[in-house]
Amino acid sequence: MKKLALALSVLASISSPAMAEGNAEAGKTKAVVCSACHGVDGNSMIDMYPKLAGQQATYLEKQIHDFRTAAQTGGKEGRNDPIMGGMAMMLSDQDIKDVAAFYASQTQTQVEVADIPELGEQLYKGGDVARGITACIACHGPSGAGSELAGFPAIGGQHANYLTIQINKFRDTSRNNDLNGMMQDIASKLTTEDAEALSKYISSLK
């Protein structure tokens with residue numbers, strides 16, 4: 001909770017810097033190579049890969065930069081992933097902006113999720129005070145739209161399997177490129193059942 005409060009207070013005091021914007025049309029062409037995993041329009045049909053359609057451009061840019069950094073440092077920095085690291089290494093800074101702009105301009109497809117666990121909704125909306133688990137809604141909002149200014153990604157409607165994979169990576173710290181270690185801190189307090197229930201609930205958000 002202290003980490004969340006600190007991060008939000010710092011972000012609230014900073015105005016968004018002027019940045020060169022990506023070109024979505026150019027990004028569409030550059031993203032063709034990404035379509036095998038993420039779909040032509042960013043709506044992946046493979047649930048272990050994320051839907052990128054409608055995701056915040058700044059968040060996408062950060063993740064691609066982090067993949068590239070990890071590839072350049074042998075995984076010592078950034079976000080380590082053997083597949084994405086190799087892909088990111090081929091992209092220039094402008095390419096990254098363009099690809100991010102393209103995916104951000106797309107619309108995420110929605111699917112109906114059956115048998116939504118009550119535990120997932122409970123943790124998302126209210127957390128668990130006794131275990132020190134902050135409610136996901138605090139950062140990601142009621143619909144899972146996140147906050148681009150604060151750097152919190154849109155997660156609503158994402159594949160449940162992908163979400164579970166990422167929560168588990170934060171749990172075992174194999175993914176550690178989160179702001180101020182907030183996701184690692186929260187995920188470390190979740191059980192396997194918690195992670196799966198949360199993922200399914202988040203996947204149902206629209």
Side-chain angles (χ1 to χ4, degrees), residues 1-12 14 17 34 37-38 44 47-52 55-91 93 96-97 99-100 103 120 123-124 127-128 131-141 144-156 158-199 202-203:
M1 185 65 77
K2 290 182 179 179
K3 289 183 177 182
L4 172 60
L6 175 61
L8 289 174
S9 64
V10 171
L11 288 164
I14 306 174
C34 311
C37 294
H38 297 291
S44 174
D47 67 10
M48 68 181 291
Y49 300 128
K51 297 178 185 179
L52 304 181
Q55 183 58 266
Q56 303 149 7
T58 51
Y59 180 78
L60 291 172
E61 287 179 35
K62 179 187 185 305
Q63 298 310 305
I64 300 173
H65 276 289
D66 286 353
F67 284 130
R68 192 173 67 180
T69 297
Q72 293 170 336
T73 63
K76 294 178 181 179
E77 298 176 33
R79 180 178 174 183
N80 197 30
D81 184 279
I83 297 176
M84 280 305 304
M87 302 295 288
M89 283 287 285
M90 299 187 294
L91 302 176
D93 288 351
I96 292 173
K97 288 182 179 294
V99 169
Y103 284 126
L123 288 171
Y124 189 89
D128 188 325
R131 290 189 285 161
I133 299 172
T134 302
C136 310
I137 198 172
C139 294
H140 297 287
S147 169
E148 185 160 22
L149 178 61
F152 302 137
I155 56 176
Q158 186 57 262
H159 291 305
N161 186 38
Y162 174 75
L163 292 169
T164 300
I165 290 170
Q166 296 310 307
I167 290 173
N168 287 332
K169 285 187 175 183
F170 282 124
R171 283 175 69 194
D172 66 19
T173 69
S174 59
R175 178 175 174 184
N176 53 15
N177 70 327
D178 49 323
L179 177 65
N180 206 27
M182 286 191 294
M183 277 304 304
Q184 293 174 76
D185 180 55
I186 293 170
S188 69
K189 299 166 185 173
L190 299 174
T191 65
T192 299
E193 181 186 8
D194 292 335
E196 293 177 354
L198 260 175
S199 297
I202 293 169
S203 182

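For this chain, numbers begin at 1 and follow the sequence in order. Because the structure is a prediction, the values reported are computed rather than measured.
In this structure, Ser44 contributes its side chain and Lys51 its backbone to no donor-acceptor pair below 3.5 Å. Between the side chain of Asn180 and the backbone N or O of Met182, no donor-acceptor pair lies under 3.5 Å. For Gln63 (side chain) and Asn177 (main-chain N/O), no donor-acceptor pair under 3.5 Å exists by modelled atom type. At least one donor-acceptor pair closer than 3.5 Å links the side chain of Ser199 to the backbone N or O of Thr164.
Contact detail for Ile83 and Tyr49: the closest heavy-atom pair is CD1-OH, 4.3 Å. Heavy-atom minimum distance, Gly85 versus Ala71: O-CB, 3.7 Å. Taking both residues in full, the closest heavy atoms of Asp81 and Met84 are given as OD1-N, 2.8 Å, listed atom of the first, atom of the second, then distance. Between Tyr124 and Leu198, the closest heavy-atom pair is N-CD2, 3.7 Å. Looking at every heavy atom in both residues, Cys34 comes nearest to Tyr103 through CB-OH, 3.1 Å.
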Could you give me the CA-CA distance, side-chain angles and deciding distance for Phe170 and Ile186, then say whether side chain to side chain contact (heavy atoms under 4.5 Å, CB included) is met?
CA-CA 9 Å; Phe170 282 124; Ile186 293 170; over 6 Å; no
- [ ] Could you give me the CA-CA distance, side-chain angles and deciding distance for Leu60 and Leu52, then say whether side chain to side chain contact (heavy atoms under 4.5 Å, CB included) is met?
- [x] CA-CA 8 Å; Leu60 291 172; Leu52 304 181; 4.0 Å; yes
Would you check, one step at a time, whether the test side chain to side chain contact (heavy atoms under 4.5 Å, CB included) holds for Val99 with Met87?
-> CA-CA 12 Å; Val99 169; Met87 302 295 288; over 6 Å; no
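Distance check: Leu91 CG to Phe67 CZ gives 11.5 Å after rounding to the nearest 0.5 Å. Rounding to the nearest 0.5 Å places CG of Leu123 at 7.0 Å from CG of Leu190. Taken to the nearest 0.5 Å, the CD1 atom of Ile155 stands 10.5 Å off from the OG atom of Ser203. The structure places CZ of Arg175 at 12.0 Å from CG of Asn80, a figure rounded to the nearest 0.5 Å. Taken from CD in Gln56 to OG in Ser147, the straight-line distance is 7.0 Å, to the nearest 0.5 Å. Between Gln166 atom CD and His159 atom NE2 the span is 12.5 Å, to the nearest 0.5 Å.
Side-chain polar atoms of Gln184 and Asp178 form a donor-acceptor pair below 3.5 angstrom. For the residue pair Thr58 and Glu148, a side-chain donor N or O sits within less than 3.5 Å of a side-chain acceptor on the partner.
The existence of a salt bridge linking Arg171 and Asp194 is excluded, since no basic side-chain nitrogen approaches an acidic carboxylate oxygen closer than 4.0 Å. A salt bridge links Asp93 to Arg68: one of the charged nitrogens lies within less than 4.0 Å of a carboxylate oxygen.
Counting heavy atoms from C-beta outward, Lys189 and Asp185 have side chains that approach closer than 4.5 Å.
Within 6.0 Å of the CD atom in Gln72, the count of heavy atoms belonging to other residues, nucleotides or ligands exceeds 12.
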